Amino acid sequence: MKQLSFHTAALLLSGLAYRLCSAQNCPIAGPAYPAVTKIAASPALKAIKTALDSVVEQAFVSGQLDRSETVYRIGSVSKILAVYAILSKLSHKHWQDSITDYIPELANAPPPRSAVDSVEWSKVTLGALASHMAGIGQGYAIGELLPAGLPGLPVLNESSLPQCGIATSRPCTRAEALELILQKPPVTSTYHTPIYSNMAFQLLAYAVESITGEAFATLVDQHILKPLSLTRTFLSTPPLDDSNVVIADGFARDMGDEAPAGGYFQSIADLSALGKSILGSTLLPADATRQWLRPVTHSANVYHSIGRPWEIDRQRVPISPPSSSSSSSATRVVDLYTKGGGIGQYASLLALSPDHDMGISILASSAAGPSSSPPQYGILASQLTATWLRIAEQASREQAASNFVGTYSTTTLAAEEEEPLESLAEFSLLPNEPGLFLSRLVSNGTDMLGLLGPLLLGGSSSSSPDFRLGAWLYPTGLVKDNNRIAFRAVFGAVGGVPGSEEACTSATGTVDALRYGPYSLDLFIFHLADDGGTAAAAPAVEIPGLQRVLRRER
C-alpha cells in the first residue's frame, strides 16, 4: 500500500511538472501588482495627469467641453446607473428569474406561433435582459427608420409605423410599448449571442418596479443619486432655465419609460463619482462588485466581451516602461470595463480598470450635425488606451518595486557547535515580465528552488545553467485588517523560451497545487507598513509553507 501511495504521488508531481514547465511565466488573470494607493506619489501618474489636463484644457478653451458641473445627455451610460440601482436594492438574486414572473402582459401573451416568429418570453430572464443576451431586438421604435417610398421597398401603411417612441413623437405609454414589443419577432434564441437591446432595459425597469413596488426613477434616486450626492444627475430632461446645461441636438427628447436605456443626464463630476463608487464598493459589498465586474459572454471579437451591461475591452498594455536598453514590446492583457453612449450630438464614456482601481470618464457634445460624434471625444478616448492605461500599469509596477522588492531573511540557531541556519527570500522585477519575481528561496540553509527545480522541471534544469526554477507572485485580492496582503506564486522555468498564449492557456491549474502537508508552498503574505496601506516598504514576508516570517534587510 505504501508503494502504491508513493507511485501515485510521483504521478501527480509529474503532471504538475508538465503544467509548470509549459512556459516561462503564465500569469493568473487579474492584476499583476496591487493597485496604486497614493496617486500623488507616483511620478508616472502625475505625468499622465499633466498630459491629459493639457488635452482637456484645449477642449475647454475651444468651447467643446465645459467645466465639471455642466450637465450633458449621457445616452447609454444610463444603463450603468440602472443596473447599479438594481444591484444596490436587490443584489444579484433575481437575475435568473423569468421576465414573465413580473410582467403579466408578457406572461399572458398568446403562445408563440413558432420559435422564428415569436419571442418565448418565459425563457427570457432578467439577467439576459441586462447583458444583451435575451435574443430580442434593439427597440420597438428607436433605430434607423428608412424613409417611406424608397424604390424597391413595399409601400407601408401609416398604421404599421410606430406612433410613439421615436425622436419626433411622444414617448409610448406602458401599454403601447408592450404591444409594440410583443409584435416584434426574436432576433436569436436566448443566450445564443449578444444582441444589443435598448428595450431590454425598459422591460427590466418594469420588472424591478413589480418586485420592489417602487417607480424605477424613485429607485435610482433613493439608491444611487442621494447616497452618492449626485446633485447634477437628472433622470429626465433638466429644467430649461438651468444655465449650466449643454443644449444640443437630442437634448429635449423625452424617452419616457425608455429612460433607463439612454435617457439620463449627468455632469462629469457626477459620472466620475459614480465610477469611483463602483470601484470602491461604496454601495455594494465587495464580492457583489467583483461579481458585477465580470463578463457574461464573449463576442466575435477576441478582445471584446459583454457584461451587465459592460462593454469589456481586453487591452494589451506594456509590461515594462520603455527604456533605451530594451526594445521588447512584451504586453499583458488588462480587462477594461466600459460603457459608451451616444445620442444626438452627445457622446459619453465611463471606463473602469479593476486591475488598477482607476477609471476615466468623458462627456462631450458637438454642433457638427445630428448623430455626429464630437471630435474631441475620439481624442480623449484614445488617450485612455494609448497613454492612461499604460501609465497606470507602470505606476503599479513602480509601487511594487518600492514596496516589495528586496531581500527578506532570518536566522535560526542550530546546535551549539554548528553555524546558525539562514532563511531568506529575494524578490525583484524582471524586465518585460509581469508579477513579482522570486529569485531565491532558502529555508534553514537549503536552497528550496534548487531542491524543487529537478522535481518540477525534470531534466531541463541540468541542460543549461540559466534554465532554473523561479516563481512569479500575483496579488489575490485578500487583505487582512489592512496589514497583511496575500500573493500566490506561479512556478516556472527561468531562462527558457517565454511561453506563447497558446501554451499559457491558464495558470489556474497550478495555483495551490504544490503543497507540503497542509501548507501551500505558493502562498506568500507580505506584512504592510504601520500606516495600513501598500504605499510603503513591506517590513516582512510570511511564508506559511516554510513556517517562517522573514524580515526585510535594511
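Note that this is a predicted model, so its numbers are computed, not measured. The basis for the numbers below is simple: all heavy atoms, side chains too, and nothing from hydrogens, waters or symmetry mates.
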Exercise. Quick one: list whatever passes side chain to side chain contact (heavy atoms under 4.5 Å, CB included) with Ser76, sequence neighbours left out.
Key: Lys79, Tyr196, Asn198, Lys339

Practice problem: Start with the C-alpha distance between Asp313 and Tyr337, add both sets of side-chain angles, then the distance that settles side-chain hydrogen bond (donor to acceptor under 3.5 Å, both in side chains), and finish with yes or no. | Solution: CA-CA 7 Å; Asp313 292 325; Tyr337 287 75; over 6 Å; no

Find the distance between [atom1] ([X]) and [atom2] ([Y]) and round it off to the nearest 0.5 Å.
X      : Y      : atom1 : atom2 : answer
Glu311 : Leu349 : CD    : CG    : 9.0 Å
Leu81  : Ser88  : CG    : OG    : 11.5 Å
Trp310 : Leu350 : CH2   : CG    : 5.5 Å
Arg314 : Ser305 : CZ    : OG    : 6.5 Å
Arg290 : Leu284 : CZ    : CG    : 11.5 Å
Ile74  : Ile362 : CD1   : CD1   : 14.0 Å

Exercise. Mind jotting down which residue pairs meet the disulfide (SG to SG under 2.5 Å) criterion with at least one end in residues 162-216? Sequence neighbours excluded, please.
Key: Cys164-Cys172

Quiz item: Which is it for Trp388 and Met358 under the side chain to side chain contact (heavy atoms under 4.5 Å, CB included) test, yes or no, and what are the steps along the way?
Solution: CA-CA 10 Å; Trp388 169 78; Met358 296 182 190; 3.5 Å; yes

Practice problem: Step by step, work out the side chain to side chain contact (heavy atoms under 4.5 Å, CB included) result for Leu293 and Asp335. | Solution: CA-CA 10 Å; Leu293 296 176; Asp335 289 343; over 6 Å; no

Between [X] (side chain) and [Y] (backbone), is there a donor-acceptor pair under 3.5 Å?
X      : Y      : value
Gln183 : Leu180 : no
Tyr346 : Ala248 : yes
Thr476 : Ala486 : yes
Asp355 : Val334 : no
Ser272 : Ile268 : yes
Ser68  : Ala269 : no
Gln345 : Gly250 : no
Thr212 : Val208 : yes
Ser197 : Gly137 : yes

Exercise. Could you check Thr233 against Gln266 for side-chain hydrogen bond (donor to acceptor under 3.5 Å, both in side chains), going step by step and ending with a plain yes or no?
Key: CA-CA 4 Å; Thr233 298; Gln266 199 164 46; 3.0 Å; yes

Minimum heavy-atom distance [X]-[Y], with the two atoms named:
X      : Y      : value
Ala286 : Ser281 : CA-OG, 3.5 Å
Ser365 : Val246 : OG-CG1, 3.1 Å
Arg308 : Gly127 : NE-O, 3.2 Å
Ser348 : Gly75  : OG-N, 4.5 Å
Val71  : Pro238 : CG1-CG, 4.2 Å
Arg397 : Asn432 : NH2-N, 4.4 Å

Quiz item: Do Tyr264 and Arg73 get their side chains close enough for a donor-acceptor pair, meaning under 3.5 Å?
Solution: no

Exercise. With sequence neighbours left out, write down each residue that passes salt bridge (charged side-chain N to carboxylate O under 4.0 Å, His left out) with Lys226, or none if nothing qualifies.
Key: Asp221

Quiz item: salt bridge (charged side-chain N to carboxylate O under 4.0 Å, His left out) with Glu120: which residues, sequence neighbours excluded?
Solution: none

I want to check something: taking the side chain as every heavy atom from C-beta on, are [X] and [Y] in contact at a cut-off of under 4.5 Å?
X      : Y      : result
Phe251 : Ile343 : no
Ile136 : Met199 : yes
Asp357 : Val36  : no
Pro434 : Ile319 : yes
Leu230 : Leu271 : no
Trp292 : Val83  : yes
Gln163 : Glu176 : no
Ile224 : Leu274 : yes

List the atom pairs, with distances to 0.1 Å, where a side-chain N or O of residues 90-97 and a protein N or O form a donor-acceptor pair under 3.5 Å, not counting sequence neighbours.
from  : atom 1 : to     : atom 2 : distance (Å)
His92 : ND1    : Trp95  : NE1    : 3.1
His92 : NE2    : Ala288 : O      : 3.0
His94 : ND1    : Asp97  : OD2    : 2.7
His94 : ND1    : Tyr102 : OH     : 3.3
Asp97 : OD2    : Tyr102 : OH     : 2.5

Atom pairs and distances, donor-acceptor, side-chain atoms in residues 184-191, under 3.5 Å, two or more places apart:
from   : atom 1 : to     : atom 2 : distance (Å)
Lys184 : NZ     : Gly139 : O      : 3.4
Tyr191 : OH     : Ala128 : N      : 3.3

Quiz prompt | Pair Arg232 + Asp270: basic N to acidic O under 4.0 Å | solution = no

Quiz item: Any ion pair linking Asp512 and Arg488 (charged N to carboxylate O, less than 4.0 Å)?
Solution: yes

Practice problem: For Arg515 and Ser520, run side-chain hydrogen bond (donor to acceptor under 3.5 Å, both in side chains): C-alpha distance rounded to whole Å, both residues' side-chain angles, the deciding distance at 0.1 Å, then the answer. | Solution: CA-CA 4 Å; Arg515 303 180 66 82; Ser520 299; 2.7 Å; yes

Quiz prompt | Candidate pair Phe487 and Ile525, rule side chain to side chain contact (heavy atoms under 4.5 Å, CB included), full reasoning | solution = CA-CA 6 Å; Phe487 288 71; Ile525 305 171; over 6 Å; no

Self-check item: Audit row: Thr282, Ser277, side-chain hydrogen bond (donor to acceptor under 3.5 Å, both in side chains) steps and yes/no
Solution: CA-CA 5 Å; Thr282 63; Ser277 171; 2.5 Å; yes

For residues [X] and [Y], establish whether the separation of their ring centroids is below 6.0 Å.
X      : Y      : answer
Tyr33  : Tyr474 : no
His132 : Phe201 : yes
Phe491 : Trp472 : no

Exercise. Test side chain to side chain contact (heavy atoms under 4.5 Å, CB included) on Thr218 and Val220 and set out the steps.
Key: CA-CA 5 Å; Thr218 301; Val220 177; over 6 Å; no

Quiz prompt | Atom NE2 of His304 with >12 non-hydrogen neighbours under 6.0 angstrom | solution = yes

